[in-house]
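Just follow the structure's listing: the first ligand is 1, and inside any ligand the first atom is 1. All of these numbers come straight from a predicted model, not from anything done at the bench.
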Amino acid sequence: MSSFISKILIKTVTAGLLTTALLSSCSKNNDDKADYIFLFIGDGMGSQNVALTESYLSYKAGKIGGEQLCFTTFPCYGMADTYSANFAITCSAASGTAIATGSKTLNRNIGVDAEGNPVKSIAYELQEDDYNIGIISSVPLNHATPAAFYTNAGKRYKYYEIMKSLPQSGFKFFAGSGFIKYFGKDNKEQSSAEYLRENGYNVCFSEEEFEKADKDGKIILCQPYNKESEPANYDVGGPQPEGHITLSRMVENALELFSDKKPFFIMCEGGEIDWAAHSNKVMPTVKSVIAFDDAIRVAYEFYKKHPDNTLIVVTSDHETGGASLGTGTGHRESIGWAYLDSVYTANNSTNRLTDEENRELNWKANIGWTSEDHTGGAVPVYAIGKGAERFCGRMDNTEIKAKILAEEPCK
Ligand SMILES: [Zn+2]
């Protein structure tokens, strides 16, 4: 066969494959999707926050570099754009909506597209395919990221309305720090727990209560210290209140509830990474990335038992803080981890430092921060398991949903 003819044949075959791919776009019930799906979202966890954490882990191991988090060892790696429909720098509501539903929207919009029309999250689509659904976060469950997976409330600060929209989801399991209801003109007359119980959920405020709960029912697990009050400010990386349920325990509880008898989708957010990075605090950022990684390790252990049917995707909604390993001028070539670690240990938590003390600490440790808010770059995506190869290379955050579902993005 001449090389010319073989080239034509290759072109014809390729065109045929492309046509097939286009025809099958947006197809439902795709058999290529995994039975057990984990989506981990590190809120505010840009590449540099991951780099900070791995640099710290290397220091702890007595090395210059090379120590890795569990999720950065995953074989497939890509980058996802994060910009929203109206700004170069997204907020968590717009990016959460993009990841959950595949639609870009305006900053502060949640569960609706840029025109305000409700959009459907991946969790609802998978529930229709008989998947158990679990929504987990280290921060309040009516915060933007977890809410993007169950609400169409429209605006992220409608906290009470978002909470009230939770029961309509019918999702089997929620776990988080609790529910915020301040802000705006929300009706505050009924407590969140009361409302959610009246609407079909068993609301547990400890792991003991969770153990005793009817496992055939729908469960919401909240931190015990938020039983009488709504979730207040946080103290990342410091000593946790009594009975604190770690993010990894929340994932373990979800797996105990779901087992491997039925397909499931678990979205798990490391929410306080963003809060720590907003305040430019290195050790709380590092500690919250490690806590997030601990939760991913639980999924990774599950994956090792079910490697052919499990997909784990780890990404972020945007970067926060614009951190860098190294700052200023003068060829400062090492990072002051020993210094940071000692100040952190002495204070029990760097959260107790004033802003000025914290700026000085960062400078001395040679760690830069360029923003006290979000930054606009692409974020990393890591994947392992069935279909993980779809997450290699550059993508938009609106493509993540279709990639998990093994569909072509709906254009
Ligand atoms: Zn965010």
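Within a 6.0 Å radius of CD in Glu198, more than 12 heavy atoms belonging to other residues, nucleotides or ligands are found. Other residues, nucleotides and ligands contribute only 12 or fewer heavy atoms inside 6.0 Å of the NZ atom of Lys212.
Residues Lys60 and Asp341 are in side-chain contact: their nearest non-hydrogen atoms beyond the backbone lie under 4.5 Å apart.
Using a cut-off of 2.8 Å, one finds that Asp43 contributes an N/O/S atom close to the Zn ion (ligand 1). At least one N/O/S atom of His318, from backbone or side chain, sits under 2.8 Å from the Zn ion (ligand 1). Residue contact annotation: Ser92 places an N/O/S atom under 2.8 Å from the Zn ion (ligand 1).
If you run side chain to side chain donor-acceptor pair (under 3.5 Å) between Lys104 and each of Thr97, Asp396, Asp113, only Asp396 comes through.
In terms of distance to the Zn ion (ligand 1), the nearest N, O or S atom of Asp317 is named OD2.
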